[in-house]
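Step one of this worksheet: look at the structure below.
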Amino acid sequence: MSETPDFSRGAAFCDGHFVPISDAKISVLDWGFTRSDVTYDVVHVRDGAFFRLADHLDRFERSLRVFRLAPPYGRDEIARIAAQCVVLSGLRNAYVAMVCTRGRPRIAGSRRPADCDNTFLAYAIPWIDVIPLDVQARGAHIWIASTQRIPPQSIDPTAKNYHWGDLTQGLFEAHDAGADTAILLDADGFVTEGPGFNVFMIRDGEVLTPDRGALEGITRQSVLDVCAAAGIPARVAPLRAEDFLEADEAFCATTAGGVMPASRINGRILSNDRPGPITMQLRELYWKLHQAERHLTPLNFDDPEQPFKNDWRKATPEPEGYRNEQT
Ligand code: PLP
């Protein structure tokens, strides 16, 4: 007698099947594992609805083009698979990843990427705050690492990737220095981003975020959107370490956590060692944006076969020709 799988810790779609997250595996021969030859995107589900799903799918498709990957599923199927993972897990607040790896070469030992069968997997796991909530409450202590961000000429940081060696070294530096997390500079000394988040600073009432070396975060876009709507001046600009050290406030922004306040940079105290007032206003506005219907894709938890409540596709048509661009 086969037991009903337990999806309560998360559900994954792997090798064409839905499995409990602990059973999701890839081959040790997959270039996604041996070469970080993979792209992905992460969207969150809050109170039972995807937030900005179409934007995440757009970015995933763009990342696929940059790395010349072609999953065996189209936009519609990918959205549906991701939604089914969430519905199977029953998680109303979830971290949802869609991943495309280069796969294994069809001809053993081949060094031609075109000889690989690209694979697609997805999973939904419980909500993650990349900076824990108690740290956010006092404000994260950020460390400007000496490890440089990989040059954009080598790996395009606007295409989401697993080339995290630099970000991980930055985290070790931060933790060795007693800080919570890191931000990295590029070869010219400009601030880029941190391990899994974009970074913002506020100076004289203006909200600023780096113009280079970083993923164009969907959360970053939401912050810029709420600034525009609330009449708060905001700009994407070249920013150096010294700018951050002289900031009035700073915060990090990501899908897995939202607007996450900082209170120190390299030991320098910002906004009385607490989350700053404009940061807190932006955090509130960010969560209010989660009530905007245009950004929400509600899920139907009653039936994994019908995981969407509405016909979400109308708002998110598949752009022409992103598939089969691998060779
Ligand atoms: N920068 C990096 C390197 C990331 O990995 C992420 C998200 O995981 C972000 C920035 C923030 O992007 P988003 O707001 O779209 O989650």
Side-chain angles (χ1 to χ4, degrees), residues 36 38-46 50-64 66-67 82 93-100 122-125 127-131 136 140 142 144-145 147-152 154-171 174 181-186 190-201 207-227 234 236 239 250-262 279 282-283 285-287 289-290 295 297:
S36 303
V38 56
T39 192
Y40 74 117
D41 217 287
V42 174
V43 54
H44 70 218
V45 167
R46 192 81 176 179
F50 279 119
F51 181 63
R52 301 193 79 148
L53 176 62
D55 295 315
H56 286 278
L57 289 169
D58 288 347
R59 187 174 64 186
F60 185 52
E61 286 162 359
R62 195 185 153 270
S63 300
L64 289 166
V66 169
F67 293 120
N93 297 298
Y95 172 109
V96 186
M98 44 194 115
V99 184
C100 183
Y123 57 88
I125 52 175
W127 181 269
I128 291 172
D129 291 291
V130 300
I131 297 178
Q136 289 188 42
I142 291 177
I144 302 174
T147 307
Q148 261 173 30
R149 189 80 178 102
I150 302 177
S154 304
I155 301 292
D156 179 351
T158 67
K160 220 162 146 61
N161 63 75
Y162 280 1
H163 294 270
W164 268 51
D166 53 353
L167 297 170
T168 303
Q169 284 306 315
L171 277 173
T181 192
I183 55 179
L184 270 60
L185 307 178
D186 70 9
F190 288 99
V191 174
T192 61
E193 60 187 339
F197 55 79
N198 290 112
V199 63
F200 283 77
M201 56 167 272
V207 177
L208 296 155
T209 192
D211 66 347
R212 63 194 68 193
L215 185 72
E216 290 172 359
I218 308 292
T219 318
R220 171 187 185 250
Q221 188 57 51
S222 294
V223 169
L224 296 172
D225 291 350
V226 298
C227 285
V236 178
L239 298 169
F251 63 90
C252 309
T254 187
T255 292
V259 171
M260 305 176 296
T279 302
L282 292 175
R283 178 145 89 158
L285 292 172
Y286 173 73
W287 289 116
L289 195 62
H290 284 63
H295 289 320
T297 306

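Both ligands and their constituent atoms are indexed starting at 1 by order of listing. Just so we're clear, the structure is a prediction, and the values are computed from it rather than from any experiment.
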> Is ligand 1 less than 4.0 angstrom away from at least one heavy atom of Arg59?
Replying inline: yes

> Strictly under 4.0 Å, does any heavy atom of Gln221 approach an atom of ligand 1?
Replying inline: no

> For atom 14 (O) of ligand 1, which protein heavy atom lies nearest, and how many Å away is it?
Replying inline: Thr219 OG1, 2.6 Å

> If you measure from each heavy atom of Thr254 to ligand 1, is any distance below 4.0 Å?
Replying inline: yes

>> To the nearest 0.5 Å, what is the distance between SG on Cys227 and OH on Tyr286?
In response: 13.5 Å

> Going by atom types alone, do Gln221 and Arg52 pair a side-chain donor with an acceptor below 3.5 Å?
Replying inline: no

> Taking the six-membered ring where the residue is Trp, are the ring centres of Tyr40 and Tyr162 under 6.0 Å apart?
Replying inline: yes

>> Distance check, rounded to the nearest 0.5 Å: Thr39 atom OG1 versus Met98 atom CE?
In response: 10.5 Å

>> Checking a contact table here: which protein heavy atom is nearest atom 2 (C) of ligand 1, and how many Å away?
In response: Glu193 OE1, 3.4 Å

>> Once you restrict to heavy atoms under 4.0 Å, what part of Trp164 touches ligand 1? Side chain, backbone, both or neither.
In response: side chain

> Out of Gly194, Pro157, Gly217, whose heavy atom is nearest to atom 12 (O) of ligand 1?
Replying inline: Gly217

> For Ile218 and ligand 1, does the shortest N/O to N/O distance drop below 3.5 Å?
Replying inline: yes

>> Once rounded to the nearest 0.5 Å, what's the spacing between atom CG of Leu53 and atom CG of Asp58?
In response: 9.5 Å

> Taking atom types as modelled, is there a side-chain donor on Trp127 or Asp129 under 3.5 Å from an acceptor on the other?
Replying inline: yes

> Can you find a non-hydrogen atom of Ala214 under 4.0 Å from ligand 1?
Replying inline: no

> Out of curiosity, Phe190 CZ to Leu185 CG, how far, rounded to the nearest 0.5 Å?
Replying inline: 10.5 Å

> Considering only heavy atoms of Leu215, which atoms of ligand 1 have at least one such atom less than 4.0 Å away?
Replying inline: 1 (N), 4 (C), 6 (C), 9 (C), 10 (C), 12 (O)

> Looking at CD of Glu216 and CD of Glu193, how far apart are the two atoms once the value is rounded to the nearest 0.5 Å?
Replying inline: 10.5 Å

> Identify the closest protein heavy atom to atom 13 (P) of ligand 1: which residue and atom is it, and at what distance?
Replying inline: Thr255 OG1, 3.4 Å

> Tell me, which protein residue and heavy-atom name are nearest atom 8 (O) of ligand 1, and how many Å apart are they?
Replying inline: Lys160 NZ, 2.5 Å

> Which atoms from ligand 1 have a heavy atom of Asn198 less than 4.0 Å away?
Replying inline: 10 (C), 11 (C)

> Are His290 and His44 near enough that their ring centres are under 6.0 Å apart?
Replying inline: yes

